[in-house]
2 protein chains.
Amino acid sequence: MDTTQRTEQQRSADRRRRELLEAADRVVLRDGPQASMNAIAAEAGITKPILYRHFGDKGGLYAALAKRHTDALLDSLRAALDAPADRRERVEATLDTYLAAIEARPQVYRFLMHPAEGGQPGDPGFDVGKHSAPLLRRMGEELATVIEERLDLGPGTQQLARVWGHGIVGMMHAAGDWWLGERPCSRAELVHSLADLLWGRLAAAGDRMGGPGF
Amino acid sequence: MDTTQRTEQQRSADRRRRELLEAADRVVLRDGPQASMNAIAAEAGITKPILYRHFGDKGGLYAALAKRHTDALLDSLRAALDAPADRRERVEATLDTYLAAIEARPQVYRFLMHPAEGGQPGDPGFDVGKHSAPLLRRMGEELATVIEERLDLGPGTQQLARVWGHGIVGMMHAAGDWWLGERPCSRAELVHSLADLLWGRLAAAGDRMGGPGF
DNA sequence: AACTAGGGTTACCGCAAGTAACAAGCATCA
DNA sequence: TGATGCTTGTTACTTGCGGTAACCCTAGTT
C-alpha cells in the first residue's frame, strides 16, 4: 500500500471519470436530460455497470455533470460581477453573461434547470426544497454574498441580501427562459429592460388613464 | 346520434373525468409528482387503461391536473391584482397571495413547478422553451397584460411589460422556492423585502466601504 | 505457478408506462 | 325478441429503463 501508488491509481480513476463525464456531456447535449444510462455508456464505449461504479446512480452522474457546468457558469458570472465599472454596468454585464451562456448552449441550460425528479419510488417522504435547480440556489447564494459584501442596507442587511440574491436570480432565470423560447427582442434590449426593472422604473411609472394604477 | 343524448354522454364523461382528476390529486398530494399511474388508478378505484382512455398518456393527465391548480391560483392572483388599493399595496398583496398558496400546499406547488420532462425517448429533436413550468409562463403573461394595461411606460410599453411580467414572476418564484425550503423569515418580511427590491432600493442603496460598490 | 486488484461484460430483477384483447351492462333498431 | 353497437371496465402483456449480481480476464506481485 504505497502512497505514491495509491495516488497513481487515484489519478487514473479521476482521468477515467473525466472521460466518462465528457461522454455523458455529449449525449446530454444531443438527447437532452432524458438521456439513458445505456446511451451514455455506449457513447463512452463501455457498459452501464462502470458508470454505476463511478457515480453510484443516475443522480450522482447528473450531479457531477451539473457541477461542472454550474462551476463554469458561476466563474464567468463572478468575473462580470467583479469588473471595474459602476453598479448598473456591472448588473447589466452579469445579466448579459448569463443570457449569453444560456443562449449559446440551450441544451446544457435545460439540463441544469430541469434535472427531472430526485425522489426514489421507494422513498415515501420527500421534502420540498432540495429540488428546484441547484444551479438557481447556488447562483442566488452567490449573488447574496456579493450584495451583502458591497451594499450598505442598514439593519437586516444580511436577510435582505439573501432575499434579493434569490429574487434577482429568479428574475433573470424566468425572463431568460421565456426569452429563449420566444426571442421577442435582442439580448441587449432584454438586459436593459431587466436592469430598468431593478432600478425602480416600475414604481416610478405613471398610471394609464382609467381606473387606479397597477 | 341525438344531440341531447350526446350531450348527456358528454356530461357523464366529464363528471367521470373530474372524479378521476380528484383521485389523481389526492395521490399526487400524498406521493408527489412521481406518483405512478397504477397508484392513481387504484386510488380512483379503477385500473390503468381507463386513465389512458381519458387522458391519453401521463403527460395528458398531468397537464389536466396542472391546469386545474394553475387556474385556481391565477384566479386568486387576479383578485389580489384587482383589489382597490395603491400600486405598492397591490404588489404586496399579490406576492403574499402567491406565497401563501405555495406555503399551504407545497406538494401541489412542487408538482406544478417540476412536471418532470416533456420529451419522448423517440423524439430526437426537442425544443427548449415549451418546458419550464407552464405555470410560470402563464403567470408571466398574465402579469404582463396587467402591467401593459395599467402602466404608461412610453414607447415600447408592450415589450417592456412582457419582460417585466416574466421577470417579476420569476423573482417571486425563486425567492418563494428558496424561502419555502429554508424559512429564514416570516412571509410578511419576505413580501416586504421583495417589494423593496422592485421599488428600486437596490439602485438607491449606498456602497459599503472598500472597493467600488456593486 | 498461484493470487489478488481493477476494469470490463453478460444476464438478470423490479417497476412503471403504455397497449392489446377480451368481457360485461345497456341502449337502439330490425 | 334478438342482433348491433357503444361505453365502461378488466386481465395480461410488451417494452424500456434504472440498478445489480455474478462472472471474466489481464497485469503485476511474490
Side-chain angles (χ1 to χ4, degrees), chain A residues 1-21 23-24 27-28 31-65 115-124 126, chain B residues 1-20 23-24 27-28 31-65 115-124:
Chain A
M1 231 206 272
D2 192 340
T3 302
T4 60
Q5 184 177 0
R6 181 162 181 75
T7 303
E8 185 50 42
Q9 287 175 190
Q10 196 85 336
R11 281 188 148 259
S12 163
D14 280 10
R15 234 190 38 230
R16 197 88 186 86
R17 187 186 162 95
R18 224 168 309 159
E19 288 172 17
L20 296 183
L21 276 179
V27 176
V28 166
D31 296 354
Q34 23 110 43
S36 82
M37 292 300 262
N38 260 325
I40 294 174
E43 170 71 29
I46 46 146
T47 50
K48 269 194 300 177
I50 305 187
L51 286 181
Y52 285 94
R53 281 229 255 276
H54 275 270
F55 302 103
D57 63 354
K58 190 173 188 171
L61 202 178
Y62 275 37
L65 210 52
E117 109 274 19
Q120 252 44 255
D123 292 356
F126 84 49
Chain B
M1 239 208 274
D2 193 340
T3 302
T4 61
Q5 183 177 0
R6 180 162 182 76
T7 304
E8 182 52 41
Q9 286 175 191
Q10 196 86 335
R11 282 188 148 260
S12 163
D14 280 9
R15 236 190 35 233
R16 196 85 188 93
R17 188 186 160 96
R18 225 167 308 159
E19 289 171 16
L20 297 184
V27 176
V28 167
D31 297 354
Q34 23 106 39
S36 83
M37 293 299 262
N38 260 326
I40 293 173
E43 171 71 29
I46 48 149
T47 51
K48 268 193 302 177
I50 306 187
L51 286 182
Y52 284 94
R53 279 231 255 276
H54 275 270
F55 302 103
D57 63 353
K58 191 171 187 172
L61 202 178
Y62 275 36
L65 209 53
E117 108 277 17
Q120 250 47 252
D123 292 356

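Letters go in sequence order (proteins before strands), and every chain restarts at 1.
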Rounded distance (nearest 0.5 Å) linking atom NE2 of B:His54 with atom CD1 of B:Ile46: 7.0 Å
Looking at the side chain of A:Arg16, which of D:dG18, C:dG8, D:dG9 is the nearest nucleotide? C:dG8
List the residues meeting side chain to side chain donor-acceptor pair (under 3.5 Å) with B:Arg16, not counting sequence neighbours, and say none if there are none. B:Glu19
Which one of A:Leu61, A:Leu65, A:Leu51 satisfies the side chain to side chain contact (heavy atoms under 4.5 Å, CB included) criterion with A:Leu20? A:Leu51
At 4.0 Å (heavy atoms only), tell me whether B:Ser36 reaches a base, stays on the sugar-phosphate, or touches nothing. sugar-phosphate
Considering only heavy side-chain atoms of A:Asp57, the closest of C:dA17, D:dA21, D:dG19 is D:dG19
Using only heavy-atom distances, decide whether a donor-acceptor pair under 3.5 angstrom links the side-chain of B:Lys48 to the base of C:dG18. yes
In whole angstroms, the gap separating P of C:dG7 from CZ of A:Arg15 amounts to 11 Å
Minimum heavy-atom separation for A:Leu21 and A:Ala64, please, with both atom names. CD2-CB, 4.0 Å
Under a 4.0 Å heavy-atom cutoff, the residues of residues 38-46 of chain B touching DNA chain C are none
How close or far is atom C1' of D:dT8 from atom CG of B:Leu20, stated in whole angstroms? 11 Å
Provide the closest heavy-atom pair for B:Ala35 versus B:Tyr62 in the form atom of the first, atom of the second, distance. O-OH, 3.2 Å
Does A:Arg53 place a side-chain N or O at less than 4.0 Å from the phosphate oxygens OP1/OP2 of C:dG8? no
Taking atom CD1 of A:Ile40 and atom CE of A:Met37, what is their separation to the nearest 0.5 Å? 6.0 Å
Nearest-neighbour nucleotide for the B:Met37 side chain, D:dG18, C:dT9, C:dA17 considered: C:dA17
Looking only at side-chain N and O atoms, does A:Thr47 come under 4.0 Å of OP1 or OP2 in C:dT9? yes
Which whole-number value in Å describes the distance from A:Ile50 CD1 to C:dT10 P? 10 Å
Selected nucleotide, minimal atom distance to A:Tyr52 side chain, candidates D:dT20, D:dT10, C:dG18: D:dT20
Could you report the tightest heavy-atom contact between A:Tyr52 and A:Lys58, atom names first, then the distance? CE2-N, 4.3 Å
Could you tell me how far apart A:Phe55 (CZ) and D:dG18 (C1') are, to the nearest whole angstrom? 16 Å
Specify the separation, in whole Å, of atom NE2 of A:His54 and atom C1' of D:dG19. 17 Å
